[in-house]
Structure formats: C-alpha cells, structure tokens
Amino acid sequence: MKRSEMEASLFCTYCNEETPHMIVYINDEITSIECEDCHHIVEIKVDIMKEFYKELYERISTKPSRITHEYKRGLISFLSKLPMRAASKPYRLMSDLNQSRKVIRQFKKK
Ligand SMILES: [Zn+2]
C-alpha cells in the first residue's frame, strides 16, 4: 500500500478561484484534496481495510495455485515446509504488509 501526494491547480469553491491543491492518494484512490490557500479539505471516503485486503488478495492470488492452496492450510506450516532460499519471498511479502500497516495507522490517526 502506498501513500502519495500530488499538487494540482483546481477551482476552490471557498476561495472562489483557481488555487494550488494537494491531492493525497492511497494506492490509486484519492483520499483527500486540500486547498493550499484556505486549507479547506475535501475528504473522500476510502475503505482502507478493503484496500488492504484487496492488495493482500492480489498478491496471494498471483502466486501459483498450488501455493495459494497451501496458504489456506495455514501460513506457518506452509513456511516450515519451504527450503530456506525460497523463504525470502514470504519475508518480502511480510515486510510489504508491515509497510501497509504503517499507512493504515497514519490514515486512522486523522
Ligand atoms: Zn481555498
């Protein structure tokens, strides 16, 4: 999961003119648009957990189907059966998920 920001010139209904706006994205979804002059924020409701599960599902479902099946039988027994050199991939998946959790925490703090 990725949080990104983009600046764009948009029409602000509060300033009644075109002003620079900060657009915040989570993945490809816009979550908020802030006018940088009057700081009026338009929040767009994004189901952050839905985004998270969608991402998780996409990651797991792009793996070969046999592995996906093994996943369902329990991640721990699945990992213990893997040779060590193959285990770096699940590790990378886990660190990506930790990154996602960080984004979720920041998002929920608001
Ligand atoms: Zn404004």
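Both counts, for ligands and for their atoms, begin at 1 and track the order of listing. Heavy-atom basis, side chains included; hydrogens, waters and symmetry copies ignored.
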Transitive ILVMFWY side-chain link Ile26 to Ile104, under 4.5 Å:
yes
In short, Ile44 meets Ile33 closest at the heavy-atom pair CD1-CD1, 4.2 Å
Specify the closest pair of heavy atoms between His21 and Phe11, including all atoms of both residues, with the distance to one decimal.
CE1-C, 4.3 Å
Does the side chain of Arg3 reach to within under 4.5 Å of the side chain of Val24, using non-hydrogen atoms?
yes
Supply the atom-to-atom distance Ser100 OG to Asn27 CG, rounded to the nearest 0.5 angstrom.
7.5 Å
Could you enumerate the protein N, O or S atoms under 2.8 Å from the Zn ion (ligand 1), written like residue then atom name?
Cys12 SG, Cys15 SG, Cys35 SG, Cys38 SG
Which atom names give the shortest non-hydrogen contact between Val103 and Met1, and what distance separates them?
CG2-O, 3.9 Å
